[in-house]
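Order of appearance sets the numbers: ligands from 1, and atoms from 1 within every ligand.
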Amino acid sequence: MPAALAQAQSGGRSIPRTVDVVVVGAGLSGLYMLHKLRAQGLSTVVLEANSDVGGTWYANRYPGARVDVESFGYSYSFDPDLEQEFEWSERFATQPELLRYFQHVAERFDLRKDIAFDTSVTSAQYDESGRRWQVRTERGDTVTTRFLVMATGSLSAAKMPEIPGLESFRGVSYHTAQWPVEEVDFTGQRVGVIGTGSSGVQVIPLIAEQAAELTVFQRTPAYALPAHNRPLRPGEGTSAKSDYPAYRKAARESGFGVPMEPPTKSALEASAEEREQAFEEAWQAGGLTALVGTFTDIQTDLDANALAMEFLHRKIAEAATDLQTAADLTPQYPFWSKRPCLNTGYYDAFNRPNVRLVNLQREPLTEVTGAGIRTSAREYELDAIVYATGFDAMTGSFTRVDVRGRGGVSLQEAWAAGPRTYLGLGTVGFPNLFMIAGPGSPSVLSNMVVSIEQHVDWVSDAIAYMERRGLATIEATPTAQDEWVDHVNVLASYTLFPGTDSWFLGANVPGKARVFMPYAGGVGAYRQKCDEVAASGYAGFQFSS
Ligand code: NAP
């Protein structure tokens, strides 16, 4: 299809007025989507709110940010030369290294020329008669497109907490997911961090090293598992890269998108010695999934889970030297019933004299004041506050754009009782709209790169299928969507996830429907289902010609 398009001048940059595909977001999903669509001869523009590529890795540039899947696995597999040429330096790559990787990808495939940066999409409206989407940006551009791909990320809509007085603080406030590009120096400052999820667990040790005083405001403690991060040894990269074909295949067929031997035994059937050995080996191996992968029932049975909890509680008690602090850092909810975190120096930070932990379950946070943070017990004076308070996860990046499908119905209205999708790829009432790693797909329960590549491949194949047959629109059928939503719920009900408040359930956003959003059946089973759907001529989707 010719890419010669009418151009609208906006902010000094040309944005085409009409394209085959608009992709929203130039993160992991958007970059690969652009590369694929371009290869198919489709005119494509990527609209990106940030000033450069990287998506979540562009925005989350707080100190300590690093990936919690091993670097070799957290990388694209679509190009064998790309796989071989990039040199990772640590077991778990830091945010600056990940950003360098995405910049390298953008340059290598000459992607930037079709990306409009600093271009925030405000709305997308489906025009039923023309069967086109009208996409509008904050800068006033309108782009008409056949297909709309929301590559907006599962964890990109930053969430500030509902605490009175936020605006009154006279110091400087930061959100981990909206970190400034300029370096932030906390030297000599009194810093408060609210939040002890993955972002808090990563940023706290680094701020502790710099600040004069660090006060951590913790509402719910995290299970922080050892990363055992380290620089890669000479030759380690070459050897890992030579195994890539087998490694990628195993990742695609796995549960979490990382190669793993599935467990065969129940924790309840194992002897105490066997359990201790398995847990200890997993602890020594490090990583997010080793421990939950020791036995078949850690994630599904409360009694089995309690055995893992007891092991973890002992580890936390050993790590934090102050008894009260250790007790406060110990989670009481089942392990992996909300997402655990990867620890690089987290518990050690609380052994430093300049760090104190405030247990908000004992002294609830009441307000932010001009001078700092007040709890029911006292006021803590601060120079800076870091909100590590997470995201409106999985749906926020879609619903923050005013997306309106057939009949002018907004995505927000359609999903008022929780997101409804078929395969996490499409949703009824929104023809030709694709989601990458949408709710109802494994996304956040997996190595995101594995899930994203699978979705991008599936979407580009579906568009190619339509092009070959001269089909104008694709849309999920209500029956297929209802059945898929039920299936996703049934899978979640086999796990311990629904019993603990978490962002997986939307519990961190007041008023958000409590629905477990990701697909918990594993990336292997999910891929198989998506492949079957495609092979059958896209069963569960309807086309118009
Ligand atoms: P999060 O897991 O949602 O954690 C937010 C933290 O803020 C929680 O401790 C929460 O407490 C606390 N909080 C929220 N509102 C509060 C309030 N009003 N008062 C006091 N505390 C409040 O967010 P996150 O740490 O940004 O992580 C989100 C997800 O992003 C992770 O689970 C992970 O999937 C991903 N992530 C990945 C990496 C990585 O790959 N390395 C790094 C960062 C994030 P409650 O638990 O009590 O609500």
Trainee: Salt bridge or not between Glu253 and Arg248? Use side-chain N to carboxylate O under 4.0 Å.
Mentor: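 Between Arg248 and Glu253 there is no salt bridge, as every charged N stays at least 4.0 Å from the carboxylate O atoms.
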Trainee: Look at the aromatic rings of Trp57 and Tyr74 and report parallel, tilted or perpendicular, splitting at 30° and 60°.
Mentor: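 Perpendicular.
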Trainee: Does Arg91 come within less than 4.0 Å of Glu236, counting only side-chain N to carboxylate O?
Mentor: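 The answer is no: the pair does not qualify as a salt bridge.
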Trainee: Listing by chain and number, which residues have a heavy atom under 4.0 Å from ligand 1?
Mentor: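 Contacting ligand 1 under 4.0 Å are Tyr62, Arg66, Val67, Asp68, Leu155, Pro161, Ile163, Ile194, Gly195, Thr196, Gly197, Ser198, Ser199, Gln202, Arg219, Thr220, Lys338, Arg339, Leu360, Ala388, Thr389, Gly390, Phe391, Trp503.
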Trainee: Determine all donor-acceptor pairs shorter than 3.5 Å in which one atom belongs to a side chain in residues 380-387; sequence neighbours excluded.
Mentor:
unit_1: Tyr380; atom_1: OH; unit_2: Glu363; atom_2: OE1; d: 3.0
unit_1: Tyr380; atom_1: OH; unit_2: Glu363; atom_2: OE2; d: 3.2
unit_1: Asp383; atom_1: OD1; unit_2: Arg190; atom_2: NH2; d: 2.8
unit_1: Asp383; atom_1: OD2; unit_2: Arg190; atom_2: N; d: 2.7
unit_1: Asp383; atom_1: OD2; unit_2: Arg190; atom_2: NE; d: 3.2

Trainee: With sequence neighbours excluded, tell me which residues meet side chain to side chain contact (heavy atoms under 4.5 Å, CB included) with Ser337.
Mentor: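 Residues passing side chain to side chain contact (heavy atoms under 4.5 Å, CB included) with Ser337: Tyr333, Pro334, Leu496, Thr500.
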Trainee: Using the salt bridge (charged side-chain N to carboxylate O under 4.0 Å, His left out) rule, collect all pairs that involve residues 203-219, keeping only residues at least two apart or in two chains.
Mentor: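 Found Glu213-Arg356.
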